[in-house]
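Input: a single structure, listed below in structure tokens.
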Amino acid sequence: MKPVIGIMAHLNAEKGPFGHSHTGNTYVLSVSKAGGIPVIIPTILSDGEQEKLIGLFDGFLFSGGIDISPSFYGEDAHQKLGYTNSSLDKLQIPFLQKVLKTGKPVLGICRGNQVLNVACGGTLYQDLSEIPGTYIKHFQETKDGDISHHVSILPDSILSRLYGSEIMVNSYHHQAVKDCGRNIVPIAYSPDGVVEAIQLKDYPYGLGIQWHPEAMFASGDETMRPLFESFIRACTGKQNTR
């Protein structure tokens, strides 16, 4: 039986007084192509509704989006911080913390990768200019599915079992993981030292990806199929990635 995957929506606060819950269809397509049933989770939920939803889904995908307010990891705003929305942060961070208590599989992409780290007590580089020596163009100006740079993968990780020691990826971000949260370990880096993926230790399947594998996969790049299929397998209980 296909697992049901909750895809956390993004909030567009410009769409009326209550905003607009939405997500790109690349996430929906990627989950579906990998064998899951995608369901979008709205951005306005009570605590009771959150608990009920967590019980209904087999796994959770946290999608990309705007910056996370640095107030959620104890820092003042950097001059190059992008647009933030505290309402979105106040939902997603505690929601992910509740999910982690269940042991259900989690895949975070771009902002979702950063939400995973912050939810575990970690911090972020608010802009890549904070990292000395960065030289890769991390926000590419080309088609979403096009590849941009190499990523080196550390051994004994979810990604190394899928891809070995290296992979080519796309790139659309100006923030990145700085201090890792509790039980979070970096498992992949760009050539200029930016953390490109993280993993939860001693957790069935907790993976954060800084690039946009869903854009590559939905565009027809089969390189990312193993990533999404590993997530779906974990959501069926058929994969142990500790």
Problem - Verdict with reasoning, V39 to L56, per side chain to side chain contact (heavy atoms under 4.5 Å, CB included) - result: CA-CA 11 Å; V39 178; L56 292 176; over 6 Å; no
Completion exercise
Rounding to 0.5 Å, atoms CD1 (I136) and OG (S190) come to a distance of 6.0 Å
Practice task
Nearest 0.5 Å please: distance from the CG atom of L61 over to the SG atom of C235.
Solution key: 9.0 Å
Practice task
Would you sort out whether L159 and Q199 count as a side chain to side chain contact (heavy atoms under 4.5 Å, CB included), showing the intermediate values?
Solution key: CA-CA 9 Å; L159 290 181; Q199 183 174 328; over 6 Å; no
Problem - Shortest non-hydrogen contact from A234 toward P105 - result: O-CG, 3.5 Å
Practice task
Give the C-alpha distance, both sets of side-chain angles, the deciding distance and a yes or no for side chain to side chain contact (heavy atoms under 4.5 Å, CB included) between I153 and I187.
Solution key: CA-CA 6 Å; I153 302 170; I187 60 169; 5.6 Å; no
Problem - Check: L91 and M8 side chains under 4.5 Å, non-hydrogen atoms - result: yes
Exercise for the section: Answer with yes or no whether the hydrophobic clustering places V194 together with V169; edges join I, L, V, M, F, W, Y residues whose side-chain heavy atoms lie under 4.5 Å apart. Expected result: no
Practice task
Could you tell me the separation between the CG atom of D89 and the CZ atom of F95, rounded to the nearest 0.5 Å?
Solution key: 15.0 Å
Handout entry: Pairs flagged by salt bridge (charged side-chain N to carboxylate O under 4.0 Å, His left out) wherever residues 181-199 is involved - sequence neighbours left out
Key = none
Problem - For the student: nearest non-hydrogen atoms of L88 and A9, plus distance - result: CD1-O, 4.2 Å
Exercise for the section: Quick one: do Y73 and K178 satisfy side chain to side chain contact (heavy atoms under 4.5 Å, CB included)? Show the steps, please. Expected result: CA-CA 11 Å; Y73 47 94; K178 182 167 64 175; over 6 Å; no
Handout entry: Main-chain N/O of P42 paired with S21 side-chain donor or acceptor, under 3.5 Å
Key = no
Practice task
Please indicate whether K80 has more than 12 foreign heavy atoms, meaning atoms of other residues, nucleotides or ligands, lying under 6.0 Å from its NZ.
Solution key: no
Problem - Test item: N170 side-chain N/O and D146 main-chain N/O as donor-acceptor pair under 3.5 Å - result: no
Exercise for the section: Would you check if C180 and P186 make a side-chain contact, meaning some heavy-atom pair closer than 4.5 Å? Expected result: yes
Exercise for the section: Nearest 0.5 Å please: distance from the OG atom of S69 over to the CG atom of N85. Expected result: 9.5 Å
Problem - Minimum heavy-atom distance between A176 and Q114, given as atom pair plus value - result: N-NE2, 4.0 Å
Problem - Distance (rounded to the nearest 0.5 Å) between C120 SG and Y203 OH - result: 9.0 Å
Practice task
Is it possible for you to say whether V195 and Y125 belong to one hydrophobic cluster, with membership spreading through side-chain heavy-atom contacts below 4.5 Å?
Solution key: no
Practice task
Answer yes if I66 and L81 sit in the same cluster of Ile, Leu, Val, Met, Phe, Trp and Tyr residues linked by side chain heavy atoms under 4.5 Å apart, and no otherwise.
Solution key: no
Exercise for the section: Considering only Ile, Leu, Val, Met, Phe, Trp and Tyr, and joining two whenever side-chain heavy atoms are under 4.5 Å apart, list the other residues clustered with Y172. Expected result: F139
Handout entry: ring-ring contact (aromatic ring centres under 6.0 Å, His included) between H149 and H138, intermediate numbers included
Key = CA-CA 8 Å; H149 64 78; H138 287 276; 5.3 Å; yes
Handout entry: Q50 versus L45, closest heavy-atom pair with distance
Key = NE2-O, 3.5 Å
Problem - Closest approach of D144 to Q140 (non-hydrogen atoms, all atoms of both residues) - result: O-NE2, 4.3 Å
Handout entry: Donor on one side chain, acceptor on other, T223 and Y163, under 3.5 Å
Key = no
Exercise for the section: Using atom types as modelled and distance alone, determine if a side-chain donor or acceptor of S46 lies under 3.5 Å from a backbone N or O of E49. Expected result: yes
Practice task
Find out whether L100 and L200 are in side-chain contact, i.e. whether some heavy atom of one side chain is under 4.5 Å from a heavy atom of the other.
Solution key: yes
Exercise for the section: Would you check if there is a donor-acceptor pair between the side chains of Q175 and Q210 at a distance under 3.5 Å? Expected result: no
Problem - Y27 vs H212 side-chain heavy atoms within contact, under 4.5 Å - result: yes
Handout entry: Among H174, R111, Q126, side chain to side chain donor-acceptor pair (under 3.5 Å) partner for D67
Key = H174
Exercise for the section: Could you tell me the separation between the NE2 atom of H10 and the CD atom of Q92, rounded to the nearest 0.5 Å? Expected result: 8.0 Å
Problem - Side-chain touch S87/T43, heavy atoms, less than 4.5 angstrom - result: no
Practice task
Would you please classify the geometry between the F62 ring and the F60 ring as parallel, tilted or perpendicular, with 30° and 60° separating the classes?
Solution key: tilted
Problem - Side-chain donor or acceptor of K201 paired with backbone N/O of V185 under 3.5 Å - result: no
Handout entry: Residue E141 excluded, over 12 heavy atoms near CD under 6.0 Å
Key = no
Exercise for the section: Taking all heavy atoms of P38 and all of I7, pick out the closest pair and write down the distance. Expected result: CB-CD1, 3.7 Å
Problem - Residues forming a salt bridge (Lys or Arg N to Asp or Glu O under 4.0 Å) with K33, sequence neighbours excluded - result: none
Exercise for the section: Side-chain contact test, heavy atoms from C-beta onward, threshold under 4.5 Å: evaluate it for S160 versus L154 and give yes or no. Expected result: no
Practice task
Could you check if a side-chain atom of E75 sits within less than 4.5 angstrom of a side-chain atom of L124, using non-hydrogen atoms only?
Solution key: no
Problem - Distance-only donor-acceptor check, side chains S129 and D127, under 3.5 Å - result: yes
Handout entry: L207 side chain reached by L116 side chain, heavy atoms, under 4.5 Å
Key = no
Problem - Connected via hydrophobic side-chain network under 4.5 Å: V118 and I131 - result: no
Exercise for the section: Check the hydrophobic clustering (I, L, V, M, F, W, Y; side-chain heavy atoms under 4.5 Å; chains of links allowed) and say if L227 and L29 are grouped together. Expected result: no
